[in-house]
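Since we're looking at a predicted model, the values are computed, not measured. Quick note: residue numbers are just sequence positions, from 1.
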Amino acid sequence: MDFWDHLFDSDYKRRADIEKLKRSARRRSAARSHDIQQVDQQAKRIDQLEQHVGELALLCRSLLTVLRENRLVEPEQFQEVMNRIDAEDGVVDGMVTPQEPPDDPAQPPEIRAW
């Protein structure tokens with residue numbers, strides 16, 4: 001605090017400082033509230049994804065069990081096809097690696113289910 005600030009110290013200046021601090025506190029509170037909402041939304045999204053993964057795992061396991069019990073596919077044959085599909089994306093990692101979206105968004109994505 002310099003000489004001029006000390007000489008002209010006033011209620012107005014103190015009130016302005018108080019109001020500035022209040023605005024700052026409100027902004028921090030709003031930012032904290034926004035962060036909490038984002039965390040809640042992310043937690044809900046994670047729960048949804050975990051639910052979907054569980055449902056897909058049950059579906060896959062059921063399909064494989066039916067195929068194996070009905071002797072429609074041998075486990076070795078299934079593993080061979082799974083390895084071949086895994087290698088199609090250029091990365092052998094035990095999953096289908098997401099592909100980069102095409103540069104031309106007007107072109108519909110290729111869907112290969114079978």
Side-chain angles (χ1 to χ4, degrees):
M1 185 182 241
D2 67 3
F3 172 74
W4 293 108
D5 286 337
H6 182 67
L7 183 64
F8 293 108
D9 191 22
S10 66
D11 288 338
Y12 171 77
K13 200 168 175 199
R14 277 181 266 171
R15 174 55 48 198
D17 287 343
I18 290 170
E19 293 303 319
K20 182 179 175 184
L21 288 172
K22 283 182 180 180
R23 284 191 302 273
S24 176
R26 281 193 296 269
R27 281 193 303 269
R28 278 194 307 259
S29 178
R32 190 171 35 251
S33 176
H34 178 72
D35 290 346
I36 290 170
Q37 287 176 347
Q38 281 187 323
V39 168
D40 288 343
Q41 289 173 352
Q42 289 172 351
K44 288 177 186 175
R45 181 68 178 143
I46 289 170
D47 289 343
Q48 289 173 343
L49 291 172
E50 286 176 343
Q51 178 70 29
H52 290 147
V53 167
E55 290 170 0
L56 289 171
L58 176 62
L59 174 70
C60 290
R61 201 164 169 188
S62 300
L63 286 171
L64 290 174
T65 300
V66 168
L67 290 171
R68 188 174 51 237
E69 286 175 354
N70 291 327
R71 299 185 194 274
L72 295 174
V73 67
E74 294 296 321
E76 297 80 18
Q77 178 189 12
F78 184 80
Q79 187 67 43
E80 179 184 318
V81 171
M82 193 168 83
N83 291 340
R84 190 175 67 232
I85 291 172
D86 183 22
E88 283 179 356
D89 57 20
V91 181
V92 179
D93 55 1
M95 63 181 192
V96 176
T97 304
Q99 298 295 317
E100 294 294 322
D103 293 333
D104 182 13
Q107 180 182 6
E110 181 182 347
I111 299 174
R112 296 177 53 192
W114 298 101

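Inter-residue side-chain proximity for R45 and Q41 is flagged as unmet; no heavy-atom pair is nearer than 4.5 Å. Side-chain atoms of I46 and E50, non-hydrogen and from C-beta on, do get closer than 4.5 Å to each other. Using a 4.5 Å cut-off on side-chain heavy atoms (C-beta onward), Q38 and D35 make contact.
Of the possible polar contacts, one joining the T65 side chain to the R61 backbone as a donor-acceptor pair under 3.5 Å is found. Under a 3.5 Å cut-off, the side chain of D86 and the backbone N or O of G94 do form a donor-acceptor pair. S62 places a side-chain N or O within 3.5 Å of a backbone atom of L58 that can act as its donor or acceptor partner.
The other residues sharing a hydrophobic cluster with L67 are L64, L72, V73, F78, M82, where clustering joins ILVMFWY side chains under 4.5 Å apart.
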message: Would D47 and Q51 count as a side-chain hydrogen bond (donor to acceptor under 3.5 Å, both in side chains) here? Give the steps.
response: CA-CA 6 Å; D47 289 343; Q51 178 70 29; over 6 Å; no

- prompt: Given Q79 and N83, is the side-chain contact (heavy atoms from CB on, under 4.5 Å) satisfied, shown in steps?
  reply: CA-CA 6 Å; Q79 187 67 43; N83 291 340; 3.1 Å; yes

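Between the CZ atom of R15 and the CG atom of D17 there is a distance of 10.5 Å, given to the nearest 0.5 Å.
Among pairs with a residue in residues 22-32, those fulfilling salt bridge (charged side-chain N to carboxylate O under 4.0 Å, His left out) read E19-K22, at least two apart in sequence or across chains.
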